[in-house]
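The analysis underlying the following values was restricted to heavy atoms, covering all of them including side chains, and did not include hydrogens, waters or symmetry mates.
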Amino acid sequence: MAENALPKGYEPRDVEARWRAHWEENKTFHAGPDAPGEPYAIVIPPPNVTEMLHMGHALNLTLIDVLCRHARQKGKNVLWIPGTDHAGIATQNVVERMLAKEGLGRRDLGREKFVEKVWEWREDYGGRILKQIRSLGASVDWDRLRFTMDEGLSQAVRKVFVSLYNEDLIYRGKYIINWCSRCHTALADDEVEHETSKSHLWHVRYHLSDRSGSVVVATTRPETIPGDTAICVHPEDERYTAFIGKTARVPVLGREIPIIADRYVDREFGTGALKVTPCHDHNDWALGKTHNLEFLQVIDENGIMMSEAGTYAGLEKMECRNRIVADIDAAGDMVLVEDIEHAVGHCYRCHTVVEPHVSMQWFVRATAMAERARKAVPENSATVANCPDGTTEIFPATWLKTYYHWLDTIRDWCISRQIWWGHRIPAWTCADCGQLIVAEEAPQQCSACASARLEQDEDVLDTWFSSALWPFSTMGWPEQSKELAKYYPTAVLVTGFDILFFWVARMMMMGTHFMGQVPFHHVYLHALVRDASGRKMSKSLGNVIDPLAMIDSYGCDALRFTLTSFAAMGRDIRLSEDRIEGSRHFVNKLWNAARFALMNLPQNVPPPVDLDRVEGVHHRWILHRLEIAKEQMNLALDGKSTNAQGETISSPTGAYRFDEAAQLAYKFLWNEFCDWYLELIKPDMQSDATRQTAQYVLWVTLRELLTLLHPMMPFVTAEIWQALPEGSGQDLAREPYPQMRPACVRPEDASRMECIQEVIVAVRTIRAELGISPSVRLNVLLHPEDDAQAQVLESARQMILSLARLESLRIGADVQAPKASAFHVVRGCQVIVPLAGAVDLESELARLEKEMAKLEKERENVGRKLANESFVQRAPEDVVRKEKERAAQLTDALTKLSALKERFSEAMREGD
RNA sequence: GGGCAGUUGGCUCAGCUGGUAGAGCAUCGCCUUCACACGGCGGGGGUCACAGGUUCAAGUCCUGUACUGCCCACCA
C-alpha cells in the first residue's frame, strides 16, 4: 500500500483559497484570439458595482462556470469576460445616502465634485463584488476586467449615440415621460413597476358654462383637476352627445374647458366621461395632441403644486388631493366616492410612485431596431434561412412569445436621465444661436455661428444604454479588434429572465444594428432563486440566504452543486439551507472515496492493463457505466454527444440541462462507484493476482470521474486530482474531457453484473427482514437458471461472499434447499438462505407470502394485458414480446417460490 | 384585460419520442463491517389537482375546470 494520503476531513476553506490563488496567479483562464480551438465566449452579466453577491449571482455565475469549464475540457478557446456595471441611479443613490450622513446633498458639492465622490466610492467598494465573484470559483479572464464607464466603453457609447443620432434613430423632444420625484429623473417604461393598490374613484360634477346642465367625471387623481383642459366623452354616447362642443367649468377653479369627443373613451367605465389633463397623464397627453388642447402643467418635478394650480400652489400633491376633495365636497359637487383597486406605477429603484411628467428628453426610435432583433430569433428552423444577422436561440423556448410580444409593442425608449452619474449625453447647445451639436468629442466651436459658448446637455444616459453594447464594447469595439473577429458573436448569454427586456432584447437590437450580427448564438434564461416556501428573497422578509455565508459553512462546491442540481429549465428555484448541507455530504462522499482509492493505489501510476480486454465482470461493468456517464454528461450540457459507434446523437431534452448533469454525477459517484465498485474491489486488493487490474481500473475511473465532476465542483476535484499518482502538481482545470472508449461499452457485461447485484440484494433483504444480525455470516445456496448464469455467479463468488457477508456459498443445479430456508428468486436463480434455529420461521413465512403476493399481482396485470386481443394485435411487436417475457419470468419465479414455500411449510409442521 | 408557467409520496423536485411511477431530504428497523455515522444495509409511503376525450395502453397527447405563481397592459 502506498503512503498517498488525503487529510481525513475535507477542509473547503483552505483548499478553495489555495486553488483560487493558483488559478489566478497562473492565469489559467486567460484567453486570447491567437490560441487554438473553436471560439467559445461568454460575457458576464455585469453586476452593479453597488451590489453584494446574492443567490441570483451565485446561480448565474455557477451555471456560466459549468459551461466554460466544460467547454474548455472540450478543447474550445474559452473566453469569459468579467466586469461590472456603473448602475447610474442605484450607485448615485448609494453615494447620496452616504453624503446625507454627513449632512450633504449632491447639489452642495456640485456636479464635478459629486462625480469625483462616486469614483472614489467605486475605488473603495467597487471591488467587493469582484472579490465575491472570485470566491465562487468563476473561471473568468481577470486580465479583461471591464467597467461600463471605462474609457473604451465610454467611447463606444458616444460613438453609438452619435451614429444613431445621425441615422435619425435618436431624437430629442418634449414628451410626457415617467418621472421619479425621489430619484429626480425620467425613467423608461420598463423601469416602472405596476402594483395594484386600494384607492378611490371620485365622481366629480363639472357644471356647463351655459348652466344648461352638468357632466360627472370619474377620476383617481383629483389633484390633477387644476390641470384639466378638456372633458372627453364617447361620440356615440347618448348621455353626452348634446354636450359635445360646449364648455364646462373646472370645479373650484372655475376655468372654462371644452367638451370633446373621442372613441378612445370607454363608455362602461366610471361615468363614461373623462377629464383630460394632458400634462399629467399618458393617455391625456395623446388626447391633447390629437385634439390640440391646451397643455397646462400644475405639478412640478418635486411633486409640488405649481402656480397654475391657483389656491393650491405650493402644496404637496397628496395634500392638494385632500384639500381639493374637501373643497369639491363643500361645494356639493362630489357625487360619489367609490372604493377601487388599480395599478399604480412605482420606480424600480426606490419604489416611489411615478408621476407622468412633461419634459425635454432624448429617445431612441425603437421600432425598426426591434424588428431586426425579432427577426434574428426565428420561430423555427424553417425561417432560419431568412436571417441576415445570424440567429439566436432562446432556452427555454417558452420565452419566445414574451420576447416577440415585447418587441412588437415596443415604444420609443427614453434614454436620458436627470442624474449625474453615468455617460453624459454627447450633445451641446450653442448659447448664442441655439444650434444643437451632437459629437463624439467636445466641439471647440459652434458649427453654425462659430461661437465658443457651447453648453453640454446636463443629462446622462440610461444605464441600459451602455449595457446594451456590452457583448462588443467589452471586446474593444469600435476598434476592429482581433477579439471581435474571433469571439463575436458570443456562444451563449446566461442570465435571469427578469432582464430579458431591459438587457437581452436591447443587446439584440444594438448587436444586430452595429455589428450586423447577433450578439450571441444562444440565450439561456435561468430561474429566480426563491426561499423554501417560494417567496422572493428580500432583506425586508429576512429570508435571504447569503451565498458567502453558505460557502463559509458548507464549502463552495456544495453551494455550486446545489444550484446546478436545482437548475431545471423553466422553474423557479426554491433554495433551502438543508439542500446545501446535503450537497456537502456529497462532496464529502467524493472526498472519502478518493481517500480510499489513494490508500489502495501505488505511489506511481499503476501499470496499465488493456481496458478493452480487461478481465472481471465488475471492472467491465464500471468501465461500461463510465462510458455511459461520459456520454450522458455531454447530452445534458451540450444537447449532443458522440456514441460508441462514433455517431452524433442528440438529447431529446436539449442542451443546458444542468439538473440532469448534476443528477447523473450524483448517481454515478454514489450509487455505482461508491456503493458497488469500491466494495467490489476490496477483495481484489487483498490478492496479488487481482490487485494490479483493480488498481488500474480504479485509477482510470476515478480520474475520469473527477473530470466529469470538475465543472460543477472545481475545488474538491482539483484537490483530489493533484494528490493522485501522476496528478501531483497538475491542474485538473487544464485537463481535457476524457476520450470515449468505444470497446468498453458492453451492455451484456453490465447485465451480468446486475444479476450479481440482485443476488446480493436478495440475501441482504432476507437478512434485514428476518432480523439476522450483520455479524452473522450466512451460508447461502444458489440454484442458477442455466449454465451460463452459473458461470457468471461462479466467477463472482468472491464478490458475493464479501458483499453479502457470507460464510460459504454453494452454486449448482444440484443444491438441495434445506426445508427451513428463506428464499428468493432472482432472474430465475433461486437464492436459498438456510436458517439457523434462532430465526423466527413465522416471519420468514410472512415475508415470503408478501413477496409472492406482490409478484402475483404483477402477473395478473401482465396477464390481463396479454389476454387483451387488441393489445397483442396493435401494440408494437417488441412491447408485446417484452410483456410475454415478463409473464414467463413471473410465472417461473412464482412456481419456484411456491415449491420452496411448500417445503418450508413442511419444515414448520415438523418443527411444531 | 391579455400571455406564460406550475399542480406527481410528509417536504423539494425529476419523469425525453405515451408501454409496469423515480430521486434527495424526512421517516421506520438493523449496524461503531479496516474510505465515509456528512456513513452502510434494508423497509414503509403516491387513486400523478379535477372532469371529459383520443388510444390496445396516458403522469406523459387533446379539451375544459379549479387553485398557485409570474409577466405584459395608458380603462380615467
Pairs of donor and acceptor atoms involving the side chains of residues 582-590 of chain A, under 3.5 Å and at least two apart or interchain, shall be tabulated with distances.
{"residue": "A/Ser583", "atom": "OG", "partner": "A/Thr562", "partner atom": "OG1", "Å": "2.6"}
{"residue": "A/Ser583", "atom": "OG", "partner": "A/Arg579", "partner atom": "O", "Å": "3.3"}
{"residue": "A/Asn588", "atom": "OD1", "partner": "A/Asn592", "partner atom": "ND2", "Å": "2.9"}

Exercise for review: Can you check each nucleotide of nucleotides 17-33 of chain B against protein heavy atoms at under 4.0 Å and return B for base, S for sugar-phosphate only, - for none, in 5' to 3' order?
Suggested key: --BB---S-----SS-B

Exercise for review: Give the B/S/- string for nucleotides 71-76 of chain B, one per nucleotide from 5' to 3', where a protein heavy atom under 4.0 Å of the base yields B, of only the sugar-phosphate yields S, and otherwise -.
Suggested key: -S-BBB

Check your understanding: Once Watson-Crick and G-U wobble pairs under 3.5 Å are found, how is RNA chain B written in dot-bracket notation, 5' to 3', with | for any base paired to another strand?
Key -> (((((((..((((.....[..)))).(((((.......))))).....(((((..]....))))))))))))....

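Of all the residues in residues 674-681 of chain A, A/Cys674, A/Asp675, A/Leu678, A/Glu679 reach under 4.0 Å from RNA chain B with at least one non-hydrogen atom.
Judged as a salt bridge (Lys or Arg N to Asp or Glu O under 4.0 Å), and not counting sequence neighbours, the contacts of A/Glu856 are A/Arg859. For A/His200, the ring pair (Phe, Tyr, Trp, His ring centres under 6.0 Å) partners are A/Trp202, not counting sequence neighbours. The salt bridge (Lys or Arg N to Asp or Glu O under 4.0 Å) test applied to A/Glu851 returns no partner, not counting sequence neighbours. For A/Trp285, the ring pair (Phe, Tyr, Trp, His ring centres under 6.0 Å) criterion is met by A/Phe295, not counting sequence neighbours. Legend: residues meeting ring pair (Phe, Tyr, Trp, His ring centres under 6.0 Å) with A/Tyr10, ordered by chain and number and at least two apart, are A/Trp591. Applying the ring pair (Phe, Tyr, Trp, His ring centres under 6.0 Å) rule to A/Tyr554 yields no partners; only residues at least two apart in sequence or on another chain are considered.
Contact annotation for A/Val872: no contact, since no heavy-atom pair falls under 4.0 Å across all strands. Contact annotation for A/Lys589: base contact, defined as any heavy-atom pair under 4.0 Å involving a base atom. Nucleic acid contact for A/Arg584: base, since at least one base atom lies under 4.0 Å from a heavy atom of the residue.
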Can you check nucleotides 62-64 of chain B for protein contacts, nitrogen or oxygen pairs under 3.5 Å, and list what you find?
none

